[in-house]
Amino acid sequence: MGTSSSKTIATKKSKKPWYSNKTTRTTILVAIMVSLFVAIFVASLEVRIGAPVLLMTTHNYTNLVAFNANTGAFITSQLLDLSHHSRHLDLPGYVKNNELQFRSIVPIDGRIAVANGQYSAPFIATFECSTNPGWKLNSYFANNTEYIRHPYGLAFDSTRRWWIFSTQDTGSVFIYDEHGSPLSLPGMQEHYPGALFTLVNGTNGIHMDTYLNHSSPPFSDESKKERKHDKRLLRGMYGLRGVCVDEQLGLIFVALELFGTIAVFDMEQNFTNVYNISFDGNAVVAPISVVNGAPYFPLTLFVSERHHDNGVYAVRYTKHGYSIWWQAERSPLLHHATGIAVSADSLFVVSQGKKSILRYNPYSGRYISRLVHFEDDNPSHIVTHHGIGKLDNPIDNRVTLGEQLLFTPSSDLCAVR
């Protein structure tokens, strides 16, 4: 017994740890490296071959961000090539001075278009795919224009070849042609060149000039002093937000945050305000985004509003009316909803107050999960990008405020390479 125990003890003492054996150590390290390489390669394939992508604009970051729409995995925070420099559009200078704060993002003929909502350098630009990483600047307009201030909502009517966009500081919805020039069409109020309507801050409240007995004087006819006063009013007090269109029915939808409604205009009837979509009559609703659900959900709007933890709606509409399809179930993670994007099986919503992108069932409004979380201490372990939202600022506690979303069904794009 004693001898056997001694041998056993001696045998245990002579056993060496794995890392002291060079061959074993090398084998294990090689296996780890191969596993990591395979994981990275598989993830890369998932990103680049067929995986859907969410593109996001932010309130305080000078580029666009891309995520895998299936997993929430971070892809890039440098989607756009912002190296273009000219006398009229100095993108590197805007980046340096933190003057890029993109709002809406929409597709157009294989390109993407963004609206820069920064007050000091507003513009709308399109970017096209390039063989080099980063989408290259293709065209731009609405820059250096004194009445285009803080553009927010943006849509492109590919049938009529019109740009339709809203401005917060000058409280207007504009219609421009595809080359970026303001249109003048029957039914447009045109307080500013190309303005479909403008919110007027009068003595008895704020109104759309569509409903005034006499139109306010055109901006071009105002004196220099009147123009200065006009712009200082901040017409509508940031009352206008997202816009979208139904090209087949000829309808324009405008989120009127200030009034708590979605205004509907008929392009085939001289832009008549045919009806307004209202929501919960017992609560103050502030619509931010309105998105056409086509092609996945035709004749359906998806709307976000910023006041409530169930502030997401689906609305069925026709040429002449609407009905509320569903209101989302409550979620403590929904706080200050902003951007919305829809796919065949998911509705994605930016929860700005919780630095997240949430996923909902688009058929019922049932909350499914948090897809993306922007904070570094992300409990779901989907850590996105440490630098987002910092604007090259060393203060570590500055976080991203997501704005708008665009869903692309496949990442077979140079945008994510």
Side-chain angles (χ1 to χ4, degrees), residues 55 103-115 124-128 138-139 141-142 151-167 172-189 194-197 210 240-256 261-277 287 289-304 313-323 325 339-344 347 362 404-409:
L55 307 182
R103 297 298 186 262
S104 287
I105 172 173
V106 297
I108 167 178
D109 302 337
R111 295 169 285 158
I112 53 177
V114 291
I124 294 171
T126 65
F127 290 80
E128 63 183 354
N138 173 263
S139 63
F141 66 96
Y152 192 91
L154 179 65
F156 185 75
D157 186 326
S158 60
T159 301
R160 297 166 182 81
R161 311 303 295 177
W162 292 350
W163 291 103
I164 302 168
F165 60 96
S166 65
T167 58
S172 301
V173 169
F174 293 89
I175 303 178
Y176 279 37
D177 66 22
E178 63 180 315
H179 305 295
S181 298
L183 291 175
S184 178
L185 301 169
M188 293 174 60
Q189 298 304 303
L196 169 60
F197 72 87
T210 303
L240 301 181
R241 290 287 191 158
V243 299
C244 70
V245 298
D246 184 313
E247 299 178 15
Q248 281 67 46
L249 294 186
L251 299 178
I252 299 174
F253 303 92
V254 182
L256 297 173
T261 61
I262 304 295
V264 185
F265 298 86
D266 191 334
M267 293 183 274
E268 298 174 350
Q269 296 184 32
N270 294 337
F271 301 101
T272 300
N273 181 197
V274 287
Y275 60 90
N276 296 319
I277 299 171
S289 295
V290 54
V291 173
N292 190 328
Y296 308 107
F297 297 90
L299 300 176
T300 305
L301 300 175
F302 293 97
V303 180
S304 68
Y313 296 84
V315 182
R316 293 279 177 79
Y317 67 88
T318 66
K319 185 86 167 177
H320 307 290
Y322 73 95
S323 62
W325 183 18
I340 281 186
V342 64
S343 71
L347 182 69
Q404 295 297 316
L405 293 173
L406 175 64
F407 173 82
T408 60

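For clarity, every value in this text was computed on a predicted model and none was experimentally measured.
Of the possible polar contacts, none joining the T272 side chain to the V274 backbone as a donor-acceptor pair under 3.5 Å is found. Proximity of a side-chain donor or acceptor of D246 to a complementary backbone N or O of Q248 within less than 3.5 Å is detected. For Y152 (side chain) and R241 (main-chain N/O), no donor-acceptor pair under 3.5 Å exists by modelled atom type.
With rounding to the nearest 0.5 Å, the separation of CG in L196 from OG in S166 is 11.5 Å. Interatomic distance, CG of L183 versus CE of M188, reported as 6.0 Å (0.5 Å rounding). Taken to the nearest 0.5 Å, the CZ atom of F302 stands 5.0 Å off from the CZ atom of F297. Atom-to-atom distance recorded for I108:CD1 and W163:CH2 is 3.5 Å, nearest 0.5 angstrom. Taking CD1 from I340 and OG from S304, the interatomic distance works out to 4.0 Å, rounded to the nearest 0.5 Å. Atoms CG and OG, from L301 and S289 in turn, are 12.0 Å apart once rounded to the nearest 0.5 Å.
Under the rule for a side chain to side chain donor-acceptor pair (under 3.5 Å), the partners of S139 that lie at least two apart in sequence or sit in another chain are T126. Residues satisfying the salt bridge (Lys or Arg N to Asp or Glu O under 4.0 Å) criterion with D157, sequence neighbours excluded, are R160. R316 is linked by a salt bridge (Lys or Arg N to Asp or Glu O under 4.0 Å) to nothing, counting only residues two or more places apart in sequence or in another chain. Not a single salt bridge (Lys or Arg N to Asp or Glu O under 4.0 Å) links E247 to another residue, sequence neighbours left out. Taking the salt bridge (Lys or Arg N to Asp or Glu O under 4.0 Å) definition, one finds that D177 meets it with nothing, sequence neighbours left out. Here T261 pairs with nothing under the side chain to side chain donor-acceptor pair (under 3.5 Å) rule; sequence neighbours left out.
Note: F165 and Y176 have perpendicular aromatic rings, judged against thresholds of 30 and 60 degrees for the angle between ring planes.
Summarising the geometry of L406 relative to P107, their closest heavy-atom pair is CD1-CD, 3.6 Å, with the distance given to 0.1 Å. The nearest pair of heavy atoms linking A263 to L256 is CB-CD1, 3.6 Å. P298 and P295 make their closest contact through CD-O, 3.9 Å (heavy atoms, listed as atom of the first residue, atom of the second, distance). For the residue pair P151 and A115, the shortest heavy atom distance occurs at CB-CB, 4.3 Å. A pairwise comparison of heavy atoms in F407 and V342 identifies CD2-O, 3.8 Å as the closest pair. Residue V245 comes nearest to A155 through the heavy atom pair CG1-CB, 4.3 Å, listed as atom of the first residue, atom of the second, then distance.
Counting only heavy atoms from C-beta outward, the side chains of V114 and I124 never approach each other to under 4.5 Å. Side-chain contact check for F253 versus P287: every heavy-atom pair is 4.5 Å or farther apart. Considering only heavy atoms from C-beta on, V291 stays 4.5 Å or farther from C244 through its side chain. The shortest side-chain heavy-atom distance between I112 and T408 does not fall under the 4.5 Å cut-off.
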Exercise. Does the pair W162 and L185 meet the rule for a side chain to side chain contact (heavy atoms under 4.5 Å, CB included), with working shown?
Worked result: CA-CA 12 Å; W162 292 350; L185 301 169; 3.5 Å; yes
For this session: Let me see the working for Y317 and N292 under side chain to side chain contact (heavy atoms under 4.5 Å, CB included), right down to the final yes or no.
Result: CA-CA 10 Å; Y317 67 88; N292 190 328; 3.5 Å; yes
For this session: Go through L249 and L299 one step at a time and tell me if the side chain to side chain contact (heavy atoms under 4.5 Å, CB included) criterion holds.
Result: CA-CA 9 Å; L249 294 186; L299 300 176; 3.7 Å; yes
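Across V173, N276, I164, a single residue satisfies side-chain contact (heavy atoms from CB on, under 4.5 Å) together with V254, and that is V173.
Ring pair F271/F197: centre-to-centre distance not below 6.0 Å.
Contact check on D266 versus K319 returns a salt bridge, with a Lys/Arg side-chain nitrogen under 4.0 Å from an Asp/Glu carboxylate oxygen.
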